[in-house]
Amino acid sequence: RFQIQRGKTDPTSYKSLGDCFRTIFHREGLLGFYKGIFPPILAETPKRAVKFFTFEQYKKLLGYASLPPGLAFTIAGLGSGLTEAVVVNPFEVVKVTLQANRNAFTEQPSSFVQAQQIIKTSGLGFQGLNKGLTATLGRHGVFNMVYFGFYFNVKNILPVNKDPTLEFLRKFGIGLVSGTIASIINIPFDVAKSRIQGPQPVPGEIKYRTCFRTMATVYKEEG
């Protein structure tokens with residue numbers, strides 16, 4: 001819920017992560033923390049399958065281009081992220097819409113009803129179930145590009161440990177650093193996605209429309 005990064009001037013924004021938890025618990029109860037959980041559960045299996053399957057396929061295709069391994073991993077990661085984004089974006093739209101609903105958990109529509117409402121009012125296009133697709137492409141494309149590129153390049157540089165425990169820690173550490181760096185780099189796209197897919201500051205007025213225009217607006221108004 002805190003990930004729906006509203007602007008500081010938005011009266012419904014949370015002051016901090018702690019304020020977010022306290023406000024949700026007092027207003028919506030414990031189940032308020034689990035709004036929009038069903039779309040990610042539905043998306044998780046195809047999302048992971050697409051991510052790793054397409055990464056391997058792009059990596060094989062790039063093998064014919066005689067690229068350096070590090071560059072091939074990075075480009076394959078970008079391709080897998082872009083493909084993954086197309087699959088996951090409709091689920092993200094439904095999830096964000098449900099999470100932005102501040103009614104009690106029992107009063108809000110189900111995921112399927114919410115999806116039907118979005119399709120009925122806005123259709124399947126860029127104003128409906130695929131709203132914010134460009135920002136989602138940026139979010140997943142940049143994340144996977146950095147993650148896979150950094151992970152495989154560093155993993156090949158650092159020597160393998162014969163000790164199973166040290167080898168586990170080596171891979172775990174590389175994965176942790178890879179994910180952290182990728183998250184830091186891709187977060188502007190995530191903010192843009194949340195602003196576009198979430199409720200607009202003024203009802204009936206669309207302030208956040210496209211990915212890079214939204215980034216420019218956030219930078220201009222909030223730094």
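- Heavy atoms only, all atoms of each residue included: Val146 and Ala182 are closest at CG1-CA, 3.8 Å.
- Ionic pairing of Glu44 and Arg48 is present here: one or more N-O contacts between side-chain nitrogen and carboxylate oxygen are shorter than 4.0 angstrom.
- Here the side chains of Met215 and Phe189 are in contact, with some heavy-atom distance below 4.5 Å.
- A pairwise comparison of heavy atoms in Gly70 and Asn153 identifies CA-OD1, 2.9 Å as the closest pair.
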message = Pair Phe53, Tyr58 - check side-chain contact (heavy atoms from CB on, under 4.5 Å), show working.
response = CA-CA 9 Å; Phe53 174 76; Tyr58 289 132; over 6 Å; no
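- Under the 4.5 Å side-chain contact rule for hydrophobic residues, Tyr151 and Val142 share a cluster.
- Thr136 has its side chain within reach of Val88: a pair of non-hydrogen atoms, C-beta onward, lies under 4.5 Å apart.
- With Gln197 contributing its side chain and Thr97 its backbone, the two residues share no donor-acceptor pair below 3.5 Å.
- One hydrophobic cluster holds both Phe148 and Ile181 under the rule that ILVMFWY side chains link at heavy-atom gaps under 4.5 Å.
- Separation of atoms CD (Gln108) and CG (Leu31) is listed at 10.0 Å; rounding is to 0.5 Å.
- In this pair, Phe55 and Phe152 present their aromatic rings parallel. The plane angle is below 30°, not in the 30 to 60° band.
- To the nearest 0.5 Å, the span separating CD1 on Ile185 from CD1 on Ile187 amounts to 12.0 Å.
- We find the CZ-OG distance between Phe143 and Ser183 to be 4.5 Å, quoted to the nearest 0.5 Å.
- Of the possible donor and acceptor atoms, none in the side chain of Asn186 sits under 3.5 Å from a partner among the backbone N and O of His140.
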From CA spacing to verdict: side-chain contact (heavy atoms from CB on, under 4.5 Å), Lys47, Val87 = CA-CA 7 Å; Lys47 170 186 170 181; Val87 174; 5.8 Å; no
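- Between Pro69 and Asn156 the shortest side-chain heavy-atom distance does not fall below 4.5 Å.
- A distance of 4.5 Å separates CZ in Arg139 from CD in Glu92, rounded to the nearest 0.5 Å.
- Between Val94 and Ala115 the shortest heavy-atom distance is CG2-CB, 3.9 Å.
- Under a 3.5 Å cut-off, the side chain of Glu84 and the backbone N or O of Val50 do not form any donor-acceptor pair.
- Taking each heavy atom of Ile118 and Val93 in turn, the nearest pair found is CD1-CG1, 3.9 Å.
- With Phe21 as the fixed residue, the side chain to side chain contact (heavy atoms under 4.5 Å, CB included) test singles out one of Asp19, Leu17, Thr23: Leu17.
- Using a 4.5 Å cut-off on side-chain heavy atoms (C-beta onward), Ser111 and Phe91 make no contact.
- Taking OG1 of Thr121 as the start and CD of Gln127 as the end, the distance is 10.5 Å to the nearest 0.5 Å.
- Under a hydrophobic clustering in which Ile, Leu, Val, Met, Phe, Trp and Tyr are joined whenever their side-chain heavy atoms come within less than 4.5 Å, directly or via other members, Leu61 and Leu67 fall into different clusters.
- A distance-only check finds a donor-acceptor pair linking the side chain of Asn130 to the backbone of Leu124 [under 3.5 Å].
- When all heavy atoms are compared, the tightest approach of Ile196 to Lys131 is O-CD, 3.1 Å.
- The aromatic rings of Phe33 and Phe25 sit parallel, their planes meeting at an angle under 30°, below the 60° perpendicular limit.
- The cationic atom of Lys155 (NZ for Lys, CZ for Arg) does not lie both less than 6.0 Å from the six-membered ring centre of Phe73 and within 45° of the ring axis.
- When every heavy atom of Ala192 is checked against every heavy atom of Cys211, the shortest pair comes out as CB-O, 3.9 Å.
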task = Give the C-alpha distance, both sets of side-chain angles, the deciding distance and a yes or no for side-chain contact (heavy atoms from CB on, under 4.5 Å) between Lys51 and Asn144.
result = CA-CA 8 Å; Lys51 178 200 287 278; Asn144 285 5; 2.9 Å; yes
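- Remark: the backbone N or O of Thr165 is paired with a side-chain donor or acceptor of Asp163 at under 3.5 angstrom.
- A distance of 9.5 Å separates CD1 in Ile37 from CD in Gln99, rounded to the nearest 0.5 Å.
- Between the side chain of Glu167 and the main chain of Lys162, no donor-acceptor pair closer than 3.5 Å is present.
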query = What's the verdict on side-chain contact (heavy atoms from CB on, under 4.5 Å) for Arg170 and Val160, showing C-alpha distance, side-chain angles and the deciding distance?
reply = CA-CA 8 Å; Arg170 181 183 77 98; Val160 176; 3.7 Å; yes
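- With salt bridges taken as basic N to acidic carboxylate O contacts below 4.0 Å, one links Glu222 and Arg195.
- Both Leu78 and Val86 sit in one connected hydrophobic cluster of ILVMFWY residues. Membership requires side-chain heavy atoms under 4.5 Å apart, directly or through other members.
- Taking hydrophobic clusters as Ile, Leu, Val, Met, Phe, Trp and Tyr residues chained together by side-chain heavy-atom distances below 4.5 Å, Tyr34 does not share a cluster with Phe38.
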